[in-house]
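Below is one structure, written out as structure tokens, with a few remarks after it.
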Amino acid sequence: MSAVERLASEPLLRVADLSRWYGSIVGCRDVSFEMHPGEVLGIVGESGSGKTTLLKCLSGHLEPTSGKVEFDTRRHGMSDIYGLSEPDRRRMQREDWGFVHQNPRDGLRMRVSGGANVAEPLMNLGRRHYGEMRSATIAWLERVELDTSRIDDKPRNFSGGMQQRIQVARNLIHGPKLVFMDEPTGGLDVSVQARLLDLMRELVRDLGLAVIIVTHDMAVARLMADRLLVMRRGEVVETGLTDQVLDDPQHAYTQLLVSSVLQI
Amino acid sequence: MSEPSKPLIIVEDLAKTFTLHNAGGTVIPVFEHLFLEASPGECVVLSGDSGVGKSTLMRSLFGNYVPTRGSVRVLHKGAYVDITGASPQVILDIRRRTLGYVSQFLRVIPRIPTLRLVMEPLLENGVSIEEAEARARALLSDLRLPERLWTLPPSTFSGGEQQRVNIARSFIRRYPVLLLDEPTASLDAENRAIVVQLIRDALSEGAAMIGIFHDEDVRDAVATRLFPVLAYKVAA
């Protein structure tokens with residue numbers, strides 16, 4: 001994908017004045033931003049800052065108290081995702097999106113094989129040709145650097161890093177336009193983390209994917225994201241180009257966050 | 001270039017002040033009212049002792065630091081774009097196509113082999129894999145980086161080797177504007193001479209450069225004029 005295509009001017013996602021309250025407690029408030037195809041947006045902040053609430057609202061899992069999330073869907077064009085009917089929204093989530101969870105158990109079906117996990121999104125989209133699905137699955141297992149001879153093993157027989165690779169393959173095989181990632185390397189050893197990050201970065205670039213990645217790890221943010229939203233107490237306190245936010249943070253909270261990172 | 005006299009980068013009334021919110025709001029002014037231009041074939045060398053703000057200026061020009069005031073306009077795809085007010089998307093596009101940066105340090109993704117790192121700027125600009133690889137190999141040979149290192153990620157390389165990887169990444173394609181922050185700091189004399197030649201070649205082909213060089217020989221060999229950053233220091 002060329003840089004020109006990456007700069008397509010029509011937004012893929014438009015978030016306007018999004019707030020989510022839990023009773024009188026704020027989850028996130030007044031969040032607005034746009035995303036374009038091919039962009040990688042990092043949402044950073046410490047635990048309790050509202051990252052996860054925001055991600056849930058964006059990904060159609062939690063209806064905001066107020067505000068709008070609009071997405072350029074394949075079937076309906078630019079649509080308010082909470083204005084779609086439940087079946088339409090679910091279909092859009094299956095067709096247009098992927099979601100990589102921190103814990104592979106939340107993103108994989110542990111009782112079926114790794115291969116079936118990867119192939120399932122294709123079946124959900126109505127593909128029925130067994131041979132084609134199997135070859136697509138094998139191609140994706142290779143792409144995430146998994147041993148294809150283990151296609152029939154259950155996820156529990158894979159290591160944590162390998163389970164994450166299965167999850168990544170499962171969330172990319174159907175050609176999504178936008179992938180959400182919630183601390184995708186959070187539970188992994190550092191060495192495994194670096195390999196997975198590198199792999200994800202390559203895939204994102206090759207496929208021209210748009211990604212929203214939530215992380216509390218500034219190194220992960222620097223590696224993956226083009227730009228950042230910094231959250232504190234439910235609000236976005238700073239946004240900008242990733243290296244700008246990390247190297248010359250303007251807000252007191254971001255300065256604290258960046259200066260708290262241990263150097264190695 | 002159709003209009004060789006047009007500056008490729010124009011800095012106007014630039015000021016940078018750091019405010020440390022977690023140190024009682026300490027304010028550190030660095031420079032102000034700074035004006036600077038570089039045209040094709042020019043290599044403007046920032047001069048002044050360390051601490052005067054040369055690196056801060058370079059980072060502000062690259063969009064890495066956020067200036068407090070002023071503009072940094074770069075001739076990008078035929079029009080001047082102010083990098084200080086541009087969206088992240090536009091800044092990334094300017095960096096991909098127009099504005100290169102050679103820092104003293106190599107900051108790259110772990111695990112990616114050197115050859116691939118050097119090919120990357122070409123691949124991002126739509127050059128085929130075959131051509132990118134051929135050009136990367138040629139440049140790494142010119143820079144005398146031993147071939148056995150090409151398939152390895154540079155994290156374990158010596159300072160001088162890493163710096164040559166860095167230089168290769170910035171000279172593999174012609175950036176119209178190049179920012180050079182001590183690109184020869186950890187190189188021996190022979191390698192310095194090679195880099196000087198690369199810089200001169202790029203200048204003669206119409207690149208505009210702004211650089212920091214502590215090595216006087218290198219500075220004398222490439223500078224078309226000196227720019228004393230101290231002159232823009234905020235009066236204490």
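Note on naming: letters A, B, ... go to the chains in the order of the sequence lines (proteins, then strands), and numbering restarts at 1 for each one.
- Enclosure of atom CZ in A:Arg232 by more than 12 non-hydrogen atoms of other residues, nucleotides or ligands within 6.0 angstrom is indicated.
- Residue A:Arg74 qualifies as enclosed at atom CZ: its count of foreign heavy atoms under 6.0 Å is above 12.
- Heavy atoms from other residues, nucleotides or ligands lying under 6.0 Å from CZ of B:Arg174 number more than 12.
- Taking 4.5 Å as the limit, some side-chain heavy atom of A:Gln244 sits within range of a side-chain heavy atom of B:Ile91.
- When A:Leu241, A:Leu41, A:Val245 are each tested for a side-chain contact (heavy atoms from CB on, under 4.5 Å) with B:Pro88, only one passes: A:Leu241.
- The CG atom of B:Leu92 lies 5.5 Å from the CG atom of A:Asp226; values are rounded to the nearest 0.5 Å.
- Both the backbone and the side chain of A:Arg195 come within less than 4.5 Å of a heavy atom in chain B.
- A salt bridge links B:Glu120 and A:Arg205; the closest N-O separation between the charged side-chain nitrogens and carboxylate oxygens is under 4.0 Å.
- Not one N or O on the side chain of A:Asp247 forms a donor-acceptor pair closer than 3.5 Å with the backbone of B:Asn64.
- Side-chain atoms of B:His21 come within 3.5 Å of backbone atoms of A:Gln250 as a donor-acceptor pair (strictly under, hydrogens ignored).
- In this structure, B:Arg95 pairs ionically with A:Asp243, as a charged nitrogen and a carboxylate oxygen lie closer than 4.0 Å.
- For a residue to count as touching a neighbouring chain, one of its non-hydrogen atoms must lie under 4.5 Å from one of that chain's; by this rule B:Phe62 does not touch chain A.
- Side-chain atoms of A:Gln255 come within 3.5 Å of backbone atoms of B:Thr19 as a donor-acceptor pair (strictly under, hydrogens ignored).
- Other residues, nucleotides and ligands contribute only 12 or fewer heavy atoms inside 6.0 Å of the NZ atom of A:Lys56.
- Here the straight-line distance linking atom OG of B:Ser87 with atom NE2 of A:His36 works out to 7.5 Å at 0.5 Å rounding.
- Interatomic distance, B:Thr56 OG1 to A:Asp248 CG, rounded to the nearest 0.5 Å: 9.0 Å.
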